[in-house]
Amino acid sequence: MRNESKRALTAEDLKKIDVYSDPQFNPDGNGYTFVSTTVNDKNEYESHLFYQKLNESEPVQWTFGKNNNSSLCISPDGSRAVFQSDRNGGTPQLYLLQMNGGEAKQLTTFKNGATSPIWSKDGSKIFFQAALETNDDVTNQREWTKDEREKEQAEKSKKPLVVTRLKYKSDARGLHDEKRAQIVSLKLNEERFEQLTTADADHHLEDVSPDGRTILFSANLNDNEDFELTNDLFLLHLMTKEQVQLTDGKGAYGNARFAPEGNKIACFGHEYSHQGATLSELYMFDVQSRKRTCLSSKWDMQLGDTMIGDTRIGQSTEGPVWSKNGKHIFFLATDYGATGLYQINPAAELQVLYKNDNHVFGFSYDSTDGKFILGISTPTNPCNFYLLDEHGLQRMTNGNNDLLGEVVLSEPETLTYKAEDGWEIQGWILKPYGFEESKKYPLVLEIHGGPHAMYGQTFFHELQLLAAQGYVVLYTNPRGSHGYGQTFVDACREDYGGKDFTDLMAAVDFVLANDDYIDENRLGVTGGSYGGFMTNWIVGHTNRFKAAVTQRCISNWLSFYGVSDIGYFFTKWELGKNLLEDPEKLWEFSPLKYAENVETPLLIVHGERDLRCPIEQSEQMFITLKNLRKEVEFVRFPGANHELSRSGDPDMRLARLNHIIRWFETHL
């Protein structure tokens, strides 16, 4: 029945959602900080730091203004905090804040910004990352104004770009330049900067040793770096500048942390045994012997958080995190549509600390008495923080209470069905706003990207919006998804459009057979990235859907190989062949080949600056279908990259949702 006191969710509500991230206990364990990201009245994102004492019901806002503040790191003695902010000129710089109050002091004025600060354990230094060119002098950096930066960009746009590298662009950064991420230290009492890394590679600061003598970083320093996707771990001894490589150049490692005694390191990583579908492992290194031990060899689940959503902005800790005594390691893991908090002991025995039908998107560990702050999202609540201790789970925040008090959200019903070959597949149904058993409703099938990711028990505005508009929403994790073990996530490789396609069709068959409130003559389908590929594939192989929306899609693997920032390796990883090895096979996998079969009205939406699935993929699909006199429409989003639906310009995100709703409303 319809709740008359509440309204249906709207597309515009996307701008009203507060997104929480990055919970961090302060050293005494009496409170914690976090970041809240909102859309302001200028239609821009702003992020602010909040602090909440555990014995108080409401958090206190620490930063203000129409800017972004994040990456707060409190000094070991709890007296000061460093954070990054773009309040001056739009470039993130580091600021120092006294915990007892007062104005923040700007620490860095680097031309290209400073990010990811970490304190030394004695509080005398701050280590951070900075984008630097080869001849940059860290002792003489000047922060540019917004006007200076815009002038530089305008001048660059008039000059040719000489490309010599394979990795010359990425969806996150656009076209690359000569800057590299380097690690820099700041000695606070002398206000002295020192550049610690100089190689022609991006360096990522992982941790600082407890004795303050060594930093841990990750990078690819191999001679063939431009042709490899490996990421190694290194120790850098600050006194001698000796650099020690911990890993062997055969895998990708990160999220690395020193044990409290400094004698061991825990990290996530893998060696591409199943290419991009490889489950991450939890490794432990002995610092002296450099011996590596895999602690997760008996598990069959993905470490970290691979949940798909459209309201997760900001970074949060996924682990591994050491206990105070160094005998346990804590981390998040992805399993059967949910993420939870886990720990292992010295015998590598796995224990669940918290797991429910929801999404733990981040956590912080308090070493004073072993409690945790968990960031949790549910399908009907975007985010809140909870205290987990020996007494159980206690809610700390009331995020989005005003919005949630106004709208009706649909609680998902979990389903498990048999695929064509008998595999079990998990999925969910959202019933429409004002649902009545006696009525018939149209259905929209949503398909996630990746494909190695996971739908699950988290808040997803787009899915809730479709339900609010009167649609039954079906979303599933077909083979290729994370959350169900190594065999399952690997099962779609070299079979795109095969059993992954029949898994999705079996889901539609299952709900039509079991839910008589669904109108089988009004079925829609949509998805983005891999989901866009699959939407294109579906409309070229069946006419059962009456409307389709393909988003940031792939239509032609032959061209994708050369135009995508990942095409040159992803094509081989996922389809088994690259362009020159077997172009006929790539064409067989390409939805464009089957364009003549398309009878379903198709809306194509794509960001013009998407370098992951470049817009030419949609251009080819549109021109081909239009020339065939098919019913097709193309909506282009200027300035938007592959992240349009998740972190793109708020107005663009809103327009995208309204076009999707319009298309389904017209055709269903």
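Numbers here are sequence positions counted from 1. Since this is a predicted model, take the numbers as computed values, not measurements. Just the heavy atoms: all of them, side chains too, but no hydrogens, waters or symmetry mates, feed the values below.
Both tests pass for Arg312 against the ring of Phe361: distance under 6.0 Å to the centre and angle within 45° of the axis. Annotation: cation-pi geometry satisfied between Arg87 and Tyr95 (NZ/CZ under 6.0 angstrom from ring centroid, within 45° of ring axis).
Side chains of Thr37 and Ser47: a donor on one and an acceptor on the other come within 3.5 Å. In the model, Thr378 has no side-chain atom that pairs as donor or acceptor with a side-chain atom of His359 under 3.5 Å. Defined by atom type and a distance below 3.5 Å, a donor-acceptor pair is present between the side-chain atoms of Asn43 and Asp651.
In this structure, Tyr517 has its ring center under 6.0 Å from that of Phe435. In this structure, Tyr496 has its ring center under 6.0 Å from that of Trp557. The ring of Tyr471 has its center no closer than 6.0 angstrom to the ring center of Tyr441.
Shown are His448, His452, Gln426; of these, the side chain to side chain donor-acceptor pair (under 3.5 Å) with Ser481 is made only by His448.
Between Lys6 and Glu406 there is no salt bridge, since none of the side-chain N atoms of the basic residue sits less than 4.0 Å from a carboxylate O of the acidic one.
For the salt bridge (charged side-chain N to carboxylate O under 4.0 Å, His left out) condition, the pairs that include at least one residue of residues 37-64, sequence neighbours left out, are Asp41-Lys66.
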For Asp503 and Arg479, what are the C-alpha separation, side-chain angles and deciding distance, and is it a salt bridge (Lys or Arg N to Asp or Glu O under 4.0 Å)? CA-CA 7 Å; Asp503 286 352; Arg479 67 194 69 197; 2.7 Å; yes

Verify ring pair (Phe, Tyr, Trp, His ring centres under 6.0 Å) between His606 and Phe637, making sure each step is shown before the conclusion. CA-CA 6 Å; His606 215 126; Phe637 292 85; 9.5 Å; no

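Thr600 is linked by a side chain to side chain donor-acceptor pair (under 3.5 Å) to nothing, counting only residues two or more places apart in sequence or in another chain.
Using a 4.5 Å heavy-atom cutoff, the side chains of His667 and Glu631 are in contact.
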